[in-house]
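The basis for the numbers below is simple: all heavy atoms, side chains too, and nothing from hydrogens, waters or symmetry mates. A, B, ... follow the sequence lines: proteins, then strands. Residue 1 opens every chain. Quantities reported herein were computed from a predicted structural model and do not represent experimental measurements.
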Amino acid sequence: MEIKFERVEGTSFQYRVALLVFGGFALVGLLSTLWVMKYGIGRTGMTNRVPWGLQIVMAVYYIGLSAGSLVISGLYGVFGKLEYKPFARIAVYLATLFLIAGLLSILTDQGRLDRVFVQPFVHFNLQSMFSINPILYNGHILICLIYLWALFTERKRTTTVVATLAFGWAFCVHSGTGAIFGFGARVLYESPLLPASFVAAAMASGTALMIVMIVGLFRATNRPLDDELICWLGRFLAICVLVVFYFLFVENAYRFYVVELREAAHYFLFGGFHSLLFWIGLIFFGLVVPMCILFNPRTGKSIPWIVLASSLVIFGVLCERYVIVVPGLTNPPDLFPGMEIVHDPALVEGYATYSISTQEVLQALGVLGVVGFLFLLGLKYLELLPTEARIHPD
Amino acid sequence: MADKIGVFICTGYGIAEALDIDALRKVATDEYKVPFCKLVDSCEGADLEAIVENIRSEGLTKVVIAGISPRCYSASAFPGSVIVEKVALREHVVWCQPAGHEDTQMLAEDYLRMYIAKVQKMELPEPFHPEEMIDKSILVVGGGIAGMTAALGAAKAGYSVQLVEKTDRLGGWLARQHKSVPRKPPYVELEDTGVDDLIGQVEGNPRINVHTSATTSRIAGAPGLFDVTLESTGNGRPAGDVLDTFRVGAVVQATGWRATDPRDTLPYGKLKDVIRNVDLEEMVKEQGRITRPSDGKDVKSIAFIQCGGSRKKEHHSYCSSICCLTSLKQAVYLRRSDDEAKAYIFYEFMRTPGQYEDFYRSVQADPGVFLTRGEVTEVTRDGDGKLVVTARNTMPGEQIHVKVDLVVLAAGMQPNSADGEAIRALEDARVVVTAGESETQRKEAAEKVARLKRHEGTAILNLTYRQGPDLPTLQYGFPDSHFICFPFETRRTGIYAAGCVRQPMDGLGSMEDGAGAALKAIQCVEMISRGEAVHPRAGDTSYPDFLLQRCTQCKRCTEECPFGVLNEDEKGTPLLWATRCRRCGICLGACPERIVSFKDYSVSIVGAMIKAVHVPDEDEEKPRVLAFLCENDALPALDLAGQHRLRYNPFVRVIPVRCLGSVASNWVVEAMSAGYDGVIMIGCKYGDDYQCHFIKGSELAATRSENIGEKLEQMAMESERVELHQLDISEYDRLPKIFDDFMEVIEEHGMNPFKGM
Amino acid sequence: MPENAAHGRSGNGRGLLVSILVLIVLAPLGYYVVRGTAVALGGKPSVEFLERPATQDDRCIWNMEAGEMRLHHWEHLARIREDVVRFGKRDVPGLNECRNCHQSRANFCDRCHNQVSLTPDCFGCHYYPDNEHWDPQRFPER
Amino acid sequence: MAGGSGALALRLLTTSSAGAPGKDSPLAGKRMGMVIDVGKCQPDCDKCIKACQQENNVVQAAAHKNHELAVHWIRKVTIRKKIETDEKAKKAEAAQKSVILVCNHCDNPPCAQVCPVRATFKREDGIVLVDHHRCIGCRYCMIACPYNARYFNFEDVEVHEEDLNKDRPKRSHGVAESCTLCAHRLDAVDQDGNPSPRVPACVEACENGALAVGDMNDKTSTVYELLRDYAVKRLKEDLGTEPKVHYIGL
Amino acid sequence: MAKGDKTVETADRTSREKQEAGALVSPPAALADSRDGQPGWIDPDMDFIRVLSRQSGDSLKKCIQCGTCSAICELSPDPKPFPRKEMAWAVWGMKDRLLKDPDVWLCHQCNDCSTRCPRGARPGDVLAAIRQQSVARYAVPRFLARWANEPYCVPLLLGIPIALLTVVLYIGNSLGVPQPSRERIIFPFCNKLPHWLLNVSFAVVGILVLAAVVAGAMRFWRAMMIADGRDGAALPAKSPPARIVAALKIAVPVLWSIIAHDDFAKCTKTRLRFYSHLSVLFGFLALSLVAVWVVTAKVNPLIPDGLIYPFGFWHPWKLLANLGGVAILAGCLWMVVDRVRDNEHSGAFSDWTLIVTLLAVVVTGFIAEILHFVRLEPHRHVAYFTHLVFVLTLLMYLPYSKLAHIVYRTTALIYAEYSGRNGKNTARTAGREEES
């Protein structure tokens, strides 16, 4: 089927405003990062007990969001649902941007930003996920770029080849991201399930993002779009969400079952703010409600509902990332089994705390700004959007 | 049998709304006592069938249908045994006149009257059949590519062909070419001429009878009855021997062309290394390489001079259409032979018609081919024997000199035709020179002889026509025809020109031409065998009938017939070759004694129409103008005017005529005496690029209208009351103005004094 | 004169732009002209000699000629660093030992580093006395 | 020419790749370890900590605005048995112990394993160090360390010149650090370059002899003897990190 | 001016007068031999045509002389239709005529004509090829120019500077870094290179190049003179100072119009060509100025207290150099985009080589700079070496590569002004009066 792609004029008031807003974000982020470079990351909410914070959360979150291209290319490239080809370009472009976003977040999180551009290129340690992942991420960006090129130049064979490659590579990327934590020596981290559940969550958030983006863009630029396509994506999303739910259940059930983990599990589920996020943000709004919407035969067919569900999933996965990263750190290691620590100069009471600082928020916004800015530019200068997306084009 | 006239009045097309139908009906029933008159809703489809049914059931023999224009009916709409005349109430009345106006009503009634009167006088024509059997075989003169294609075409269509070639072998120019310019996409690579294959086909075809080294020494008779005598050209058998005689039905003249002799400042003939493109072509054909005539060395550089000796004001000023291609082709010869060789082409206009543009581009891209526009002022021999070509206004420089081994002049085409009329004129002049009455006459004749001397012995076809032994030529020796509408037609019925004798063209064009001419020839023999006229009045079965008892041997008809239909005996009485006739009626218009008439078109018939019109009295201030409109262009133009709803003067009464040339002068006189205030004649354009379908008709009419003017003066009437206009079918919008202007003329001269006498 | 008329076209914004560019290109030259004349008029040269160690002989403890020291000191330091940190070899004198002779970081290190806009981050951690005031006489030119 | 620079580059790279023992490495064959006698450690004594801070330019916790940003190369925690009911509290009071915590210099250090630039590495003699010239501050090591023994310089902390140990570097912001077992003391040399090791600052400072550091392969060393004579415990042995800090009477 | 030229010139003039008389020259036996190359006598040079076609001029034969190009060209002077006549000459392989024609250098290849040409003859590209040829004709020595246009010579061309630099460095090292401590290079950008020797060798190469450039320009000028049939000294004034003044009067406005891109500003196809070339030109000027400054530091009176190298980041020269680098980078990138966009005008070999070389120079330069500030061993040495290689390449082949247009276009423009080509008979008429 012959698909035509068109730029958006990018002359509307909203477009300009959006451009401005994102640009502002990017600027702010840049400034705050410079600030951090000068004074060290002490301005963030991180501490010696909680050395990782919002940036890492956002990083893995962004990486997860980049899975949209994985889904789409998987759909038409691997499972041969050709009607999704129209979305390939936008999906891959978004993936590229979010991978960049992930890298930026990690970058802005480093203590010595100046050295990041030198040392990793001189010294490798292939035992470290932090040495491996950049390769994976950059590799994925590269593949995505080739992929984009193939899509824009309408190279059929190359596209299929690259699509499959990207599909496989993306799996590595998300597993690798999961592995950062899964192989870390923390009670709430180390779990072989983590990489897998990361992939699941990534696909969920990626699909959700694609749904929101596609619907939003097609509506905004009023291009014809077959609901059928979105509904199908919705069903797919539902499955992903289900899988995520399943992984979470297994993991926590296991923690509760094993005696020495029980305390940690208890802390994880009922230990403060993060458990609130877990139950309300992730489980209820992020998983249950969307599933109800999506599996309900009526709402599962209506675009607005699906979009709502998707947005909820996007939010939920953010919470998921948070409750993976932070509680694992705030929960202290049990150095003396059977004993309790009465006094520790480094730690006033049992559990450490982590509170997000404006500093970090600004940096996160900055990254978002960069992505948004590039995305808008892409819309204007690249032929990303199909003029129409139909299952049976007439 | 007694005629039964029927009138059908159509009420559709807004006619009923615009006219008083009852009044109209009364014209038929009361005035003319027509036995059968019927109103119909329309003149098409079911209603038309109903009309035909009525004709049958009522046994009508003559019918007038007042409705739509005759041109809206198919030829086979009515049974052939019935005379049907159609009145274009719609086009000529309703659409171009205000509805319900009394003048409009009068106009309609007059038309009805005219046509009823017409049919009353008309008779059913019966086709002409000579007593001898019509022969359907075809003679092709000229064995070039055009001739061979024509012969093959006709033969394949099942007609036996006599192919006559002057030289000892077929092929013509094509056979003398080394290679042909590319004739198929991508139009880059030179091709084999494929002439041998063609010759093989021709000679192999059982229906084609090839005569080489032969010329037509005599072609007597008329289409369908041509008696051909072949003579030897002298190789093999002694010249002048009669080789063969046979009868054919039609002739295709494909006698091709000959190269011009460049005669201007360029030293062709003076310097050995200045040759013509045809010479070069033959050189390559024979020895396969290009050498210098002077010293036989291989040629490394050639200057091609386009339009060499043609395109000059003084002579041969037309484009021969293939010289540019030939030079490009020969440039390719040179470049193929040697990669360092250089070919210069000086041209005035580079003309590569049609797809040959691509060939041009491909040659142009060759680094060794140098094209420039420019005027070669002179070619001189240099110290080292090379030639120096000097050109002016070239693109590389104001004046340039180029040293070359060889200069090739692109000689133009000259048709291998003879001007029959000139030859005839020459003979006549000779007679006068010997037996002229007065001295002056003889002197003039002598001058004429001197002027026409070059035509002596140029005859090719040797027809036994009174008007001369060959086709009349129009310009540059190309026979008279219309290059778009009827390219193959000549002024000799049944003789068709094809190929370069007709117009300069390339091989492909000649082949198309040959095929086309063959088809025309076939058409011709078929139609005359049915007693029908050929183009332009194709299918017309009437033919002129001479009441010879009253002939005064004034020879006007024989002189004026454009198609040489009429020979004359020694007394000068016209002898009619009916199969030559195209039924234009010019003879009718020519004859002062009114002895020529057609069954359906004659002095009396038109006269009746003229008289049928009701001319109001002088005090009614309603003038009447009679308009003779040529059926070929003017009448359709009038229809168009109607279709475009152009308003024009309601006092005009139109009578269609076969050709303005067929307008008999006494019709005007009758009209005047009948009280018309003026007569206007509208026909095709005449002159050098005439459009008259009968070549001279409108022109003759023009000359005659002058002495008509004189006649009127004798009747003490202003000659301005007669006007003649030339009209192109596309100029229909001029018609209303023509009429109105004429009306003003009439007004200033006042009403016709003869009214009501 | 006609040319000027012809080129008068460049009197518009383009001309301005181009003139500005020309000025930019020539600016440093001007800077040098000014400075050069200043020096010629007896202003003090902006670049003095570097601090020479208080010790008598001009051989450094690395037993290297001053010129080579300039060219290669950081490589030696880097190599020594690796040995110390990674392999516990402390037999070679390192950064700490430099300050025994070259007492002023400002004049011994920073002067050059500033000249070439290099900011090696040694001194973020390693102590080096940073006393600005020093007296050229103590370290006569050579 | 490029060859020339290349050659030098080669040399630099080889020397900088960790773990490869230099030919005449002074560390060859050593296995540094630490023994802490919990019994001898006085609860209200913090000499070792002070000494460490003095020696290594570690900033006192007080100097930090946010105490959670404070750096403790060596720290002292008070622990007791978990108690269910209040009336046993008295008994439990007695059972309180104060335990010195330092970097365990594991034989399989997870921190070194995860460091993307090999800034954290294990010396040939088993001491785990951070190359502050190379650390990019990703803090992955802190995540990986099961003992929370690693600290990060979230910001530049100025140490006043007077109480600064001028021979020891302080750390700039953005790098991770932990106890070095006073490696600089252990491989100190004299004028002629002969080894003249000194005990770490904390050990030197402890008047109760609760701390001992030495080569566990050296049969003459105190550490060797202590390990031979006493039953020792190590923290979270189940993790298989093989810590080299041993506790007597934990 | 040589006597030989005079004779030729007179013969030439006679023939010209004949033409002006318009009388049909009965081929003068006197002129029968050795009249090739004289006006009017054409012997097309097919190899020339082939060469042009091999370069960007592959479309030249398509020209049908419709003159659309001249109608469109902003630079076309009324008396001589330009570039139509050049196209005609090219089609007719009139090598001499073309290479002596200052007009081919007026074109700055805005390609208005190429885009508008009804037959796709792309006059702009043809002219580019012709210019390349005239460089090859006048360059000293010629063979270098020939190589500079042959793709298969690229390895050789790059090899020469590499070899040269390697030798220099080898010698330098065997002579022994460290340099004398008097050397004011206190902290060499790349301490593996003997800078004093580098400077010397670059200076030498620079001087050689300059010589080559001047020689080429003089050849060109003389050729144009002969073609126009005027002796070399046809400046209105006779006394040396007056001559200089006259020369300046002609040269200065031309130079200014070049700097100000008057002609580029006329280009209608795309305004950005103006900016791209402007930025590249000024970037180039800036960088060359800096380079010259550094190389000539030792003999520079303006540096009384010696040069301190490398400059600090905020040093005026350093700033200028960085700006220049950025300018060239931006300009070149735009040029690339421009050429890639215009799909049928892919750009000639010489064209691309120049752009790529420039890009290589600045990119390697920036990389080297960054690595220098990061002090990343040994990468910065390699980067710097590559940078030097490309700089040397650019410098060495200046008189032969497309970069030579700096010289030849300037010469041509000055000549055009001087000969009053644009109808403005300033110097020419004056010169004529002198003659009469």
Give the member of V189(D), N57(D), D131(D) that has the highest number of heavy-atom pairs under 4.5 Å with chain C. D131(D)
I127(D), part contacting chain C, at a heavy-atom distance under 4.5 Å: neither
Do any N or O atoms from the side chain of N165(D) and from the backbone of N56(D) form a donor-acceptor pair under 3.5 angstrom? no
Sort out for me which of H184(D), H132(D), R168(D) touches chain C most, counting heavy-atom pairs under 4.5 Å. H184(D)
Can you name the salt bridge (charged side-chain N to carboxylate O under 4.0 Å, His left out) partners of D218(D), sequence neighbours left out? none
Can you tell which of D121(C), V85(C), L95(C) has the highest number of heavy-atom pairs within less than 4.5 Å of chain D? V85(C)
Please round to the nearest 0.5 Å and tell me the distance separating atom SG of C111(D) and atom CE of M142(D). 11.5 Å
Evaluate the ring planes of H133(D) and H126(C), with Trp represented by its six-membered ring, and classify them as parallel (under 30°), tilted (30 to 60°) or perpendicular (over 60°). parallel
Could you work out, with salt bridge (charged side-chain N to carboxylate O under 4.0 Å, His left out) as the rule, every residue matching K47(D), not counting sequence neighbours? E207(D)
Relative to chain C, which segment of H173(D) carries a heavy atom at a distance below 4.5 Å: side chain, backbone, both, or neither? neither
